[in-house]
Amino acid sequence: MAAWKGGAALRLCATVVLLDMAFCKGFVEDLDESFKDSRKDDIWLVDFYAPWCGHCKKLEPIWNEVGLEMKSIGSPVKVGKMDATSYSSIASEFGVRGYPTIKLLKGDLAYNYRGPRTKDDIIEFAHRVSGALIRPLPSQQMFEHVRKRHRVFFVYIGGESPLKEKYIDAASELIVYTYFFSASEEVVPEYVTLKEMPAVLVFKDETYFVYDEYEDGDLSSWINRERFQNYLTMDGFLLYELGDTGKLVAIAVIDEKNTSMEHMRLKSIIQEVARDYRDQFHRDFQFGHMDGNDYINTLLMDELKVPTVVVLNTSNQQYFLLDRPIKNAEDMVQFINNILDGTVQAQGGDSILQRLKRIVFDAKSTIVSIFKSSPLMGCFLFGLPLGVISIMCYGIYTADADGGYIEERYEVSKSEMESQELIEESKEQEEPKSEDSPVPTVQEPKDVLEKKTD
């Protein structure tokens, strides 16, 4: 009886899960070729996928949750998905080059999503890009509301100016990453000090930084550098994004499951430097920690011991390793200053030698990973081609040997023919001599002559 009840409960749970999945799918539209003509009537968040793509299958339940959430909050953004292999011409028109590709389509504009594939991050992207490019902040209450809601955002303060035009251009390019606002000087909190107007500010890490054209250069580049918080939990995707900032990245490489003092100490030192030396280093450095050394090892092409600190230059694949024990924040600051003044030598890079080394390392890593995950598959993939090549080499070698034997036989027969020709020539030379010179007569014996007489 208990077993029957348990089985019934499992069947009920399975039924509920299936119904829930079907319910969520109802808010995601399957798009076809008619979408090309009708898409401009609405704002669309579209997942371009391939049926055989593993990452696409992993995204599917998350995408269904996105559709349900956007519908439940009354968002004007419609959520859809398109099989890019069946409608390849439409996918190519939107610049789809990989799967899955997430785009928000707004009029004639198409915005690529490049963030983490989580429900909250995708919905945040849709809200940000589907709204106004630059949102006004009419009051201090609204400003405080935005400050509490967003970890990083930019504000233009002032009236019409060439700086505002540059701000609008930067916002149209970088709206996929962060929020852009505008406000009057009266709306800005009292703790904000402005030397001149108009101005562009970034608010993050419970403080703010003012754009300085002479020190920070191009406005769009400055916004791209400052759109990250000063301290981050690093992963491969984030390090790739940081490569566009031109900043060095100081990372505490730790094992988060290890609660030993050394792991926690290095993490806290990096956090302390990021917080207390923010004004000194925020233009040149990004700080954070990473759980595990697998990704770092692939960058360094070496085995990095954990815990440790490494400084990466993701724009040119250089890195700096510790040249001293890090006991406190002051030691870390000294290490950073030595990097900036060139005392610590950079390793790695993107030279031709390093690129060749990278190719060998990647090939080796791929082969090892294949054999670790599936030894039989590895033997098949690499054993079969090696066997075919071995057979071809053996065939070529034996063909060369036979050819040499035939050639040797040919040489021998050729020499014999030449010798025969020489003999014949010598005979021909002797025959004329016998005709010209008289041949001496041989005198027959006496008894023979007598018999002839008789």
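What you see below is based on every heavy atom in this structure, not just the backbone, and it leaves out hydrogens, waters and symmetry mates. Values in this document were obtained by computation on a predicted structure and should not be read as measured data. Along the sequence shown, residues are numbered consecutively beginning with 1.
What you find for Trp63 and Gly80 is that their closest heavy atoms are NE1-O, 3.1 Å. What you find for Asp218 and Tyr211 is that their closest heavy atoms are C-OH, 3.9 Å. Here the closest non-hydrogen pair linking Leu31 and Tyr87 is O-CE1, 3.6 Å. Looking at every heavy atom in both residues, Arg265 comes nearest to Lys327 through NH1-O, 3.2 Å. Considering every non-hydrogen atom in both Pro307 and Ile254, the closest pair reads CB-CG2, 4.2 Å. A pairwise comparison of heavy atoms in Val66 and Ile123 identifies CG1-CG1, 4.1 Å as the closest pair.
In this structure, Asp42 contributes its side chain and Pro76 its backbone to no donor-acceptor pair below 3.5 Å. Lys106 places no side-chain N or O within 3.5 Å of a backbone atom of Tyr111 that could act as its donor or acceptor partner. Remark: the backbone N or O of Ser220 is not paired with any side-chain donor or acceptor of Asn224 at under 3.5 angstrom. Between the side chain of Arg151 and the backbone N or O of Lys204, no donor-acceptor pair lies under 3.5 Å. Asn313 places no side-chain N or O within 3.5 Å of a backbone atom of Gln318 that could act as its donor or acceptor partner. Arg283 places no side-chain N or O within donor-acceptor distance of the main-chain N or O of Asp216, the cut-off being under 3.5 Å.
Between Tyr231 and Lys267, the closest side-chain pair of non-hydrogen atoms falls below 4.5 Å. Contact annotation: the side chain of Ser75 never approaches that of Glu69 to less than 4.5 Å [non-hydrogen atoms, C-beta and beyond]. Side-chain contact between Phe287 and Asn230 is present, with at least one heavy-atom pair separated by less than 4.5 Å. Counting heavy atoms from C-beta on, the side chains of Asp255 and Asp291 come closer than 4.5 Å. When side chains are defined from C-beta on, Phe125 counts as touching Val176, because their heavy atoms get closer than 4.5 Å. At least one side-chain heavy atom of Leu300 sits under 4.5 Å from a side-chain heavy atom of Ile296. Taking the side chain as every heavy atom from C-beta outward, Tyr49 and Lys81 approach each other to under 4.5 Å. A 4.5 Å side-chain heavy-atom check between Val46 and Arg39 finds every atom pair outside the cut-off.
Between Phe203 and Tyr208, the angle of the ring planes lies from 30° to 60°, which puts this pair in the tilted group. Using bins of under 30°, 30° to 60° and over 60° for the plane-to-plane angle, the ring pair Phe153/Phe143 lands in the perpendicular bin. Using the six-membered ring where Trp is involved, Phe181 and His150 have ring planes that are tilted, between 30° and 60° apart.
A distance of 7.5 Å separates CD1 of Ile90 from CG of Asp32, quoted to the nearest 0.5 Å. Atom CG in Leu45 sits 13.5 Å away from atom NZ in Lys78 (nearest 0.5 Å). Taking OH from Tyr277 and CD1 from Ile336, the interatomic distance works out to 9.5 Å, rounded to the nearest 0.5 Å. Between Trp52 atom CH2 and Tyr99 atom OH the span is 6.0 Å, to the nearest 0.5 Å. To the nearest 0.5 angstrom, Leu242 atom CG is 8.5 Å from Lys247 atom NZ. From Tyr319, atom OH reaches atom CD1 of Ile339 across 13.0 Å, with rounding to the nearest 0.5 Å.
The pair Glu60-Lys57 does not meet the salt-bridge criterion, since no charged nitrogen lies less than 4.0 angstrom from a carboxylate oxygen. Ion pair Arg227/Glu241 flagged as a salt bridge, since at least one NZ, NE, NH1 or NH2 atom sits closer than 4.0 Å to an Asp/Glu carboxylate oxygen.
In this model, no donor atom of one side chain and acceptor atom of the other lie less than 3.5 Å apart for Asp205 and Thr207. For Tyr179 and Glu124, the side-chain atoms include at least one donor-acceptor pair closer than 3.5 Å. Checked by atom type, the side-chain pair Asp41/Ser38 shows no donor-acceptor distance below 3.5 Å. A donor-acceptor pair shorter than 3.5 Å can be found between the side chains of Ser184 and Glu186. For the residue pair Thr245 / Gln286, no side-chain donor-acceptor distance below 3.5 Å is found, with atom types taken as modelled. Side chains of Ser161 and Tyr167: a donor-acceptor N/O pair is absent below 3.5 angstrom, by distance only. Looking only at atom types and distance, the side chain of Gln334 has a donor-acceptor partner in the side chain of Asn338 under 3.5 Å away. A donor-acceptor contact under 3.5 angstrom links the side chains of Thr343 and Asp341, judged on distance only.
You'll find the ring centres of Phe180 and Phe154 inside the 6.0 Å limit. Ring centers of Trp44 and Phe35: under 6.0 Å apart, within the cut-off.
No more than 12 heavy-atom neighbours from other residues, nucleotides or ligands sit within 6.0 angstrom of CD1 on Ile352. For Arg324, the CZ atom counts as densely surrounded, since its 6.0 Å shell holds more than 12 non-hydrogen atoms of other residues, nucleotides or ligands. Lys71 NZ: 12 or fewer foreign heavy atoms inside a 6.0 Å radius. More than 12 non-hydrogen atoms from other residues, nucleotides or ligands lie less than 6.0 angstrom from NE2 of His127.
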Using the rule given for side-chain contact (heavy atoms from CB on, under 4.5 Å), can you reason through Leu239 versus Met290, listing the C-alpha separation, both sets of side-chain angles and the distance that settles it, and then say yes or no?
CA-CA 10 Å; Leu239 285 175; Met290 176 174 280; 3.5 Å; yes
Starting from the C-alpha separation in whole Å, work towards a yes-or-no answer on side-chain contact (heavy atoms from CB on, under 4.5 Å) for Phe285 and Val273.
CA-CA 11 Å; Phe285 274 85; Val273 173; over 6 Å; no
For a side-chain contact (heavy atoms from CB on, under 4.5 Å) check, start with the C-alpha distance between Leu321 and Val310, then their side-chain angles and the critical distance, and finish with the verdict.
CA-CA 5 Å; Leu321 299 178; Val310 61; 3.8 Å; yes
Verdict with reasoning, His289 to Glu256, per side chain to side chain donor-acceptor pair (under 3.5 Å)
CA-CA 10 Å; His289 74 273; Glu256 291 190 330; 2.8 Å; yes
Please step through side-chain contact (heavy atoms from CB on, under 4.5 Å) for the pair Leu104 and Tyr113, ending with a clear verdict.
CA-CA 8 Å; Leu104 187 134; Tyr113 176 69; over 6 Å; no
